[in-house]
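So the structure is just underneath, and the comments pick up after that.
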Protein chains: 2
Amino acid sequence: MPSKCINVEDWLNALDASGFRMTAVQETLIDIFAHSDFPLSAEQAWHVARQSRPKTGRATVYRMVEKLENLGLIRRVHGYQGCSHFVPTLPELMMLFICQSCGRADYLDSQPLQDLIHQSEDSSGHHITDSRLQLFGVCTSCQENA
Amino acid sequence: MPSKCINVEDWLNALDASGFRMTAVQETLIDIFAHSDFPLSAEQAWHVARQSRPKTGRATVYRMVEKLENLGLIRRVHGYQGCSHFVPTLPELMMLFICQSCGRADYLDSQPLQDLIHQSEDSSGHHITDSRLQLFGVCTSCQENA
DNA sequence: GATTTATTGATACTCAGTATCAATAAGCAT
DNA sequence: ATGCTTATTGATACTGAGTATCAATAAATC
């Protein structure tokens, strides 16, 4: 669950350290991405942002998303319905699970994935620099509600 | 390497079995997807198709891509640059590697991934029905050329 | 507080993807 | 083979995500 794993301060520091000015929109959007249980598209993030800051510009949100992605704070994922959704990047590489019933995202231990990657690197000869594993299915609570 | 793994006949049979009429565009597009070493977007597939069939309509290609995706013959992947690229679905679930230097796709043995999924299913309690693993890096031949 | 300049938001724009509809051609019946 | 029915096609117009522009705004520094 993103909200538990993400430290908003760290994100603000990362932006600050990269020489960006600290603004209200930034904080709003960081807050939105850091605390959403769902992968969000830029468009969705814009709508959420306008609830607290009605004048927030669309372009601004797209720029911010690009910035956060470049800094590695959020990462693009195969969305539940579409391919332009973002989740916070966690300190350790973790595996992403998305529930096809409620749309919520969960993060699973990635050690087995790390092992798998090293193993594949050895057997294929390719040099692997990045990976993206997404699991889809029905989460525990949706199973109980069914 | 898609070209080695994909049987064009099987794809045509799948379309036939689903009650679709057999047309020239279909064959053209199936051929394009089945033999491309690169993940292709619908737009790219359209341009390739027009090389052999100049009058091929854009909408037709999008419709065909949707059809092939619904039949599970091709599958959407995180593209090298973007998220709307397609690779042929292989008979067995395989792991996708995309070279960030030449853009070529390669498929790796998926047994370790299957194991990983079962393991994650047990430890998380989520019911996993689908997965998408993509590896990015530098392929063997690009390493040699560097 | 004044100045500099990065950031913002409104507008206009581009381009991927979709809906429409008349023209075409696949499949079937004869 | 020929004609008939209707799925499929391709041209056009449209939608909507994402981008470029630029004057207005507001951080940061002095």
Side-chain angles (χ1 to χ4, degrees), chain A residues 11-33 39-71 73-86, chain B residues 11-33 39-71 73-86:
Chain A
W11 286 28
L12 291 172
N13 288 339
L15 283 165
D16 200 13
S18 303
F20 295 112
R21 290 189 181 170
M22 307 310 286
T23 68
V25 208
Q26 269 183 1
E27 286 194 49
T28 305
L29 277 170
I30 286 180
D31 197 59
I32 289 169
F33 277 109
L40 293 175
S41 66
E43 209 70 13
Q44 290 172 323
W46 179 47
H47 288 299
V48 177
R50 280 159 64 100
Q51 288 170 13
S52 53
R53 296 187 69 259
K55 297 194 67 181
T56 306
R58 225 163 71 95
T60 305
V61 173
Y62 277 92
R63 278 187 291 245
M64 190 62 58
V65 165
E66 187 188 9
K67 199 184 285 183
L68 294 175
E69 190 187 12
N70 286 340
L71 288 172
L73 298 176
I74 59 175
R75 124 182 304 226
R76 202 176 288 266
V77 299
H78 272 293
Y80 180 50
Q81 53 250 358
C83 278
S84 292
H85 289 64
F86 297 85
Chain B
W11 287 29
L12 291 172
N13 289 340
L15 284 165
D16 201 12
S18 304
F20 295 112
R21 291 188 181 172
M22 307 310 285
T23 69
V25 208
Q26 269 183 0
E27 285 193 50
T28 305
L29 278 170
I30 285 180
D31 197 59
I32 289 169
F33 277 108
L40 294 174
S41 65
E43 208 71 12
Q44 289 173 322
W46 179 48
H47 288 300
V48 177
R50 280 158 64 98
Q51 288 169 13
S52 54
R53 297 188 69 256
K55 297 194 67 181
T56 306
R58 224 163 70 96
T60 305
V61 172
Y62 277 91
R63 279 187 290 245
M64 190 62 58
V65 165
E66 186 189 8
K67 199 183 287 183
L68 293 175
E69 191 187 12
N70 286 341
L71 288 171
L73 298 175
I74 59 177
R75 121 181 307 226
R76 203 175 287 267
V77 298
H78 272 292
Y80 179 49
Q81 54 251 357
C83 279
S84 292
H85 289 65
F86 297 85

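Keep in mind that this is a model prediction, so the values were computed, not measured. Convention: sequence-line order gives letters A, B, ...; per-chain numbering from 1.
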>> Set out, in order, the CA-CA distance, both residues' side-chain angles and the distance that settles side chain to side chain contact (heavy atoms under 4.5 Å, CB included) for B:Trp11 and B:Ile74, then state yes or no.
In response: CA-CA 10 Å; B:Trp11 287 29; B:Ile74 59 177; 3.7 Å; yes
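Here the CG-CD distance, from B:Asp31 to B:Gln26, works out to 13.0 Å after rounding to the nearest 0.5 Å. From B:Ile32, atom CD1 reaches atom CG of B:Leu29 across 5.0 Å, with rounding to the nearest 0.5 Å. Remark: B:Ile30 CD1 to B:Lys67 NZ distance equals 9.0 Å, nearest 0.5 Å.
A nucleotide of DNA chain C counts as in contact with chain B when one of its atoms lies under 4.0 Å from a heavy atom; the first and last such, 5' to 3', are C:dA16 to C:dG27.
Against DNA chain C, the stretch residues 13-22 of chain A makes heavy-atom approaches under 4.0 Å through A:Phe20, A:Arg21. Near DNA chain C, meaning a heavy atom under 4.0 Å from it, residues 55-65 of chain B has B:Arg58, B:Ala59, B:Tyr62, B:Arg63 in order of number.
Stem analysis of DNA chain D (at least three stacked-register Watson-Crick or G-U pairs, each with both distances under 3.5 Å) gives C:1-30 with D:1-30.
Taking both residues in full, the closest heavy atoms of B:Pro39 and B:Val77 are given as CB-CG2, 4.1 Å, listed atom of the first, atom of the second, then distance. Counting all heavy atoms, side chain and backbone alike, A:Phe33 lies closest to A:Ala45 at CZ-CB, 3.8 Å.
In this structure, CD of A:Glu43 is placed 12 Å from C1' of D:dT15, rounded to the nearest angstrom.
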What side-chain donor-acceptor pairs closer than 3.5 Å can you find for residues 56-65 of chain A, not counting sequence neighbours?
residue : atom : partner : partner atom : Å
A:Thr56 : OG1  : A:Arg53 : O            : 2.5
A:Thr56 : OG1  : A:Arg53 : NH1          : 3.0
A:Arg58 : NH1  : A:Glu43 : OE1          : 3.0
A:Arg58 : NH1  : A:Glu43 : OE2          : 2.6
A:Thr60 : OG1  : A:Arg63 : NH2          : 3.4
A:Tyr62 : OH   : A:Glu43 : OE1          : 2.3

Side-chain polar contacts of residues 14-22 of chain B - donor-acceptor pairs under 3.5 angstrom, sequence neighbours left out - could you list them?
residue : atom : partner : partner atom : Å
B:Ser18 : OG   : B:Ala14 : O            : 2.8

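No engagement by A:Arg50 is indicated, since no non-hydrogen atom pair under 4.0 Å with the nucleic acid exists.
In this structure, A:Arg53 and B:Thr23 both approach DNA chain C, and ranking their closest nucleotides by distance from the 5' end singles out A:Arg53.
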